[in-house]
Amino acid sequence: MGKAYDHRTVEAKWQAYWGEQGTFRVMEDPARPKFYCLDMFPYPSGSGLHVGHLEGYTATDIVSRYKRMRGFNVLHPMGWDAFGLPAEQYAVKTGIHPTMTTAENIATFRRQMKRAGLSYDWEREISTTDPSYYRWTQWIFLKLFERGLAYVAEVPVNWCPELGTVLANEEIVDGRSEVGGFEVIRKPMRQWVLKITAYADRLLEDLKLVDWPASTLEMQKNWIGRSLGAEVEFPLIGVKGNIRIFTTRADTLFGATYMVLAPEHPLVDVVTVRERRAEVLAYRETTARKSDLQRQDLEKEKTGVFTGGYAVNPVNNERLPIWIADYVLMTYGTGAIMAVPAHDQRDWEFARTYSLPIREVIAGGNVAKEAFVEIDQGTVVNSTTSDGSFSINGLNPTEAIPKITEWLEATRKGRRAVTYKLRDWLFARQRYWGEPFPIVWVDGEPRPLPEEQLPLKLPETNNFKPSGTGESPLANLTAWVNTTDPATGKPARRETNTMPQWAGSCWYYLRFIDPKNGRQLVDPAKERYWMPVDLYIGGSEHAVLHLLYARFWHKVLYDIGVASTPEPFTKLVHQGTVLGEDNQKMSKSRGNVVNPDEMMDQFGVDAVRLYEMFMGPLEAMKPWSTRGVEGITRFLDRVWRLMVNEGGGLSRAVIEAEPSLEQRRLLHQTIKKVTEDLEELRFNTAIAQMMVFTNEMTKLEKRPRALLEPFVLLLSPFAPHIAEELWERLGKAPSVAKELWPQYDPALVASERLTIPIQVNGKLRSKIEVPADSSEEQVVRLARQDAKLAEWLQGKQPRKVIYVEKRLVNFVL
RNA sequence: GCCGGUGUGGCGGAACUGGCAUACGCAGCGGACUUAAAAUCCGCUCCCCGUAAGGGGUUGAGGGUUCAAAUCCCUCCACCGGCACCA
């Protein structure tokens with residue numbers, strides 16, 4: 001056996017031990033408090049685990065090991081979000097079935113995770129691609145369908161010709177596909193849509209119940225985009241009907257000078273006069289063909305066409321021309337607006353372009369130069385009904401808004417209304433590698449499959465190419481597609497879309513609780529024991545989508561009694577991005593990707609785990625440094641040498657004698673610091689304190705066991721392999737994982753002498769040593785007697801003496 | 001443009017509730033051990049003046065509150081993340 005710590009042997013030994021002993025198996029135990037510690041499960045890509053994954057996984061692993069030692073029953077599972085585009089694209093290219101590549105990639109990930117010493121209960125491993133798992137994803141879809149939360153709509157979708165598929169809004173970045181960066185255009189298509197908007201209010205409201213990063217809460221709030229205002233009816237002139245508009249600025253109703261419909265608005269056909277029809281149709285066509293990128297280009301000049309139609313402003317009976325323009329979106333509010341160019345930036349620009357009148361109704365700006373949009377300043381003017389029965393003149397906009405809204409309700413011209421930016425969730429993908437919908441089409445109607453027929457398995461094929469018509473590759477499999485309606489026996493056609501990747505990750509945390517249950521999604525008693533997730537760690541790229549969709553499904557499951565808590569994830573933390581050594585984002589093209597396997601080969605698993613946590617605060621973005629890993633390796637070698645001699649035996653420096661008071665103080669301070677830092681996920685400072693302890697121990701010729709043993713336990717969640725080995729060499733029975741976390745004695749945390757800094761006029765001038773229990777008078781008296789201080793005081797009587805208990809004295813001259 | 005966050009040595013970062021700024025690690029310098037090197041151990045290392053004792057300055061910039069500010073307030077700058085015609 002070599003002199004130094006041999007990480008390979010030790011790691012293999014203890015990983016085998018944990019596996020054989022089932023150290024991290026977990027069952028419900030009503031006698032113990034539970035702790036559910038969850039990682040965002042990965043998509044098992046072909047390139048394996050990277051150091052960024054490992055950062056979050058190490059953090060939850062340390063917390064899990066720590067909580068176990070604190071007596072918690074810890075659920076710490078791992079699985080695979082394995083449906084998705086890359087495996088399918090690979091299949092298109094190579095003909096290799098996604099099942100094959102997925103299985104290989106999962107094997108790689110699992111091996112790497114086991115190697116990293118992550119203490120998952122592997123008996124609970126799940127994959128979203130497993131029929132016994134997606135059976136329940138399909139089951140949840142049936143529940144959504146039953147409750148009217150899943151419906152089919154002919155909607156303009158984001159069609160990507162290059163990928164041959166439709167994309168969700170979230171998969172589009174700057175108007176191009178997130179995958180590949182291809183062009184995306186609008187195209188109407190029959191789609192499955194989930195009515196997440198029905199839950200908008202609860203999704204917003206219940207953000208109060210969770211302990212999440214402020215930025216994530218903010219992003220979800222903005223995404224839901226609740227906005228309080230009024231709907232107002234504008235009767236059409238010459239034809240029957242009203243234009244219903246939504247506004248947050250009812251106080252500016254008297255300033256409306258024209259109306260705008262979204263080009264797709266159904267009333268466009270009604271209001272357009274014959275002479276204008278050709279022009280209107282042409283504009284509509286152009287808009288329909290525009291991609292979102294073109295349509296959202298803020299730089300471009302606003303465009304629109306006059307329809308020839310008119311509506312009446314209900315507050316003053318004025319005749320307003322009706323335009324169509326693509327700056328009004330069909331998907332927000334009512335798809336129609338009243339335009340108040342004096343007090344809305346967009347309307348102002350449009351009015352300028354088309355020489356429409358600009359009428360000021362809020363005094364306080366210069367509307368000839370720019371729109372005046374403030375609501376907390378300015379005064380309402382020119383806002384009295386023609387018969388003089390109602391006026392908001394003289395008010396400030398914030399006061400005027402509720403007043404006129406009430407009046408609109410009383411006179412039945414409009415009503416208070418709330419709208420959301422959140423849209424219903426486009427839930428279908430034209431792909432092979434996803435969950436098939438448990439739906440058949442009969443006489444043009446969607447029919448659910450009975451629950452007993454789940455799972456509806458993905459059919460076998462070796463042709464993964466998109467059909468090109470916009471349908472998924474499943475559409476080519478006629479034997480599968482053509483079936484009979486289980487209810488009536490009539491000929492039926494299967495739904496050929498598959499679900500998006502988000503589906504499987506919406507509820508996986510529930511399945512970990514009861515992963516093998518063949519009768520239920522999750523056993524209710526187990527669900528009540530384990531839920532909610534106490535700590536959830538994953539990347540901030542999921543701040544909106546995954547976390548909003550999962551909350552939505554969770555609330556539906558709550559409503560049907562499957563889940564017992566209104567929210568799934570109590571505390572959420574995002575680990576920061578790990579950059580390359582060059583401070584740049586890691587990427588193959590830059591050649592700065594750090595491979596965790598190589599690092600673990602060279603420095604050992606514990607060194608890599610420790611370094612991942614020592615780099616800096618968990619949430620911060622920070623660069624990798626291989627030198628830093630070396631530094632950690634030196635630390636672990638020092639810890640090893642505290643107890644193990646050059647021959648590999650227990651060092652003679654380890655003694656049975658009682659430690660000194662000072663030594664016990666250091667130990668107890670260390671226990672306190674490490675414990676508190678772990679509770680707050682401040683792993684970097686916890687490690688720094690263990691280094692301080694180790695540095696002090698190294699200086700000692702004799703190292704009492706009573707100091708070393710608790711220290712090994714403190715180290716064990718961070719560096720479990722070396723800790724197990726040292727524990728054994730200290731003559732203890734394995735495993736450290738079964739030991740109790742050391743407690744600190746508060747009496748030993750404070751030392752009996754304190755160094756008190758002495759300031760004169762707030763500047764540090766001297767320091768004195770005092771007994772810890774000194775009174776204010778004693779400390780101040782000692783301070784005055786201090787020789788250095790005398791120079792500064794020069795016999796003068798200070799105006800004021802500030803004493804902060806156990807902290808400092810400040811003489812103000 | 002709007003919203004959120006961050007800014008501390010050569011580098012990664014510490015600093016409780018407003019109370020000794022720069023813990024811990026990296027890099028660097030010096031010493032011990034060694035025939036030598038590596039490894040290890042010990043020490044030094046924010047900047048300026050000074051041989052030293054000592055003094056002055058410093059937490060992106062500027063101002064303010066306070067006996068006392070990295071920490072609180074105002075203005076500005078830079079960077080990161082998000083949203084972006086949402087009526």
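Letters A, B, ... are given to chains in the order of the sequence lines, protein chains preceding strands, and every chain is numbered from 1. All of these numbers come straight from a predicted model, not from anything done at the bench.
A distance of about 30 Å separates the C1' atoms of C24(B) and U34(B), rounded to the whole Å. Taking atom C1' on both G18(B) and C72(B), the two are 8 Å apart, rounded to the nearest angstrom. For the C1' atoms, the distance linking U66(B) with G13(B) amounts to 29 Å, nearest Å. One P atom belongs to G10(B), the other to U58(B), and the distance between them is 16 Å to the nearest Å. U6(B) and G55(B) are spaced 36 Å apart, taking the P atom of each and rounding to whole Å.
The aromatic rings of Tyr611(A) and Trp624(A) sit perpendicular to each other, their planes meeting at more than 60°, with 30° as the lower class boundary.
Comparing A68(B), C83(B), C85(B) by their closest approach to the side chain of Asn810(A) singles out A68(B). Counting only heavy atoms from C-beta on, Asn695(A) has its side chain closest to C24(B) among C24(B), G4(B), A87(B). Which of A23(B), A87(B), A21(B) sits closest to the side chain of Ala688(A) comes down to A23(B). Among C67(B), A87(B), C42(B), the nucleotide with an atom closest to any side-chain atom of Ile337(A) is A87(B). Nearest nucleotide to the side chain of Ile802(A), out of G25(B), C67(B), A87(B): C67(B). Among the nucleotides C26(B), C20(B), C41(B), the one closest to any side-chain atom of Thr755(A) is C20(B). Closest approach to the Val328(A) side chain among G19(B), C41(B), A87(B) is made by A87(B) (side chain taken as heavy atoms from C-beta onward).
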Check against side chain to side chain donor-acceptor pair (under 3.5 Å), Ser215(A) and Glu218(A): CA-CA 5 Å; Ser215(A) 60; Glu218(A) 203 57 34; over 6 Å; no
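Applying the 3.5 Å distance criterion, the base of C67(B) shares no donor-acceptor pair with the side chain of Lys800(A). Counting distance only, with no hydrogens placed and no angle test, the side-chain atoms of Lys302(A) and the base atoms of C85(B) include a donor-acceptor pair under 3.5 Å.
The pairing partner recorded for C46(B) is G57(B), the criterion being a Watson-Crick or G-U wobble arrangement whose two distances lie under 3.5 angstrom. Here A78(B) sits opposite U6(B) as a Watson-Crick or G-U wobble pair (both hydrogen-bonding atom distances under 3.5 Å).
Applying the 4.0 Å criterion to OP1 and OP2 of U17(B), one finds that Arg807(A) has every side-chain N and O outside that range.
With sequence neighbours left out, the salt bridge (Lys or Arg N to Asp or Glu O under 4.0 Å) criterion links Asp582(A) to no other residue.
Both Leu422(A) and Asp677(A) lie close to RNA chain B; mapped to their nearest nucleotides by heavy-atom distance, the more 5′-ward contact belongs to Asp677(A).
Heavy atoms of Val692(A) sit under 4.0 angstrom from primed sugar atoms or phosphate atoms, though from no base atom. Contact annotation for Thr419(A): no contact, since no heavy-atom pair falls under 4.0 Å across all strands. Across all strands, Arg799(A) comes closer than 4.0 Å to no nucleic acid atom at all (heavy-atom distances). Nucleic acid contact for Ser625(A): none, since no nucleic acid atom lies under 4.0 Å from a heavy atom of the residue. Counting non-hydrogen atoms under 4.0 angstrom, Arg765(A) reaches the backbone sugars and phosphates but no base. At a threshold of 4.0 angstrom between heavy atoms, the contacts of Gln759(A) include nucleobase atoms, whether or not backbone atoms are also involved.
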Contact pattern, 5' to 3', of nucleotides 6-14 of chain B - B, S or - by protein heavy atom under 4.0 Å: ------BSS
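The minimum heavy-atom distance linking Val779(A) with Ser774(A) is given by the pair CG2-CB, 3.6 Å. Across all non-hydrogen atoms, the minimal contact from Phe635(A) to Met690(A) is CE1-O, 3.7 Å.
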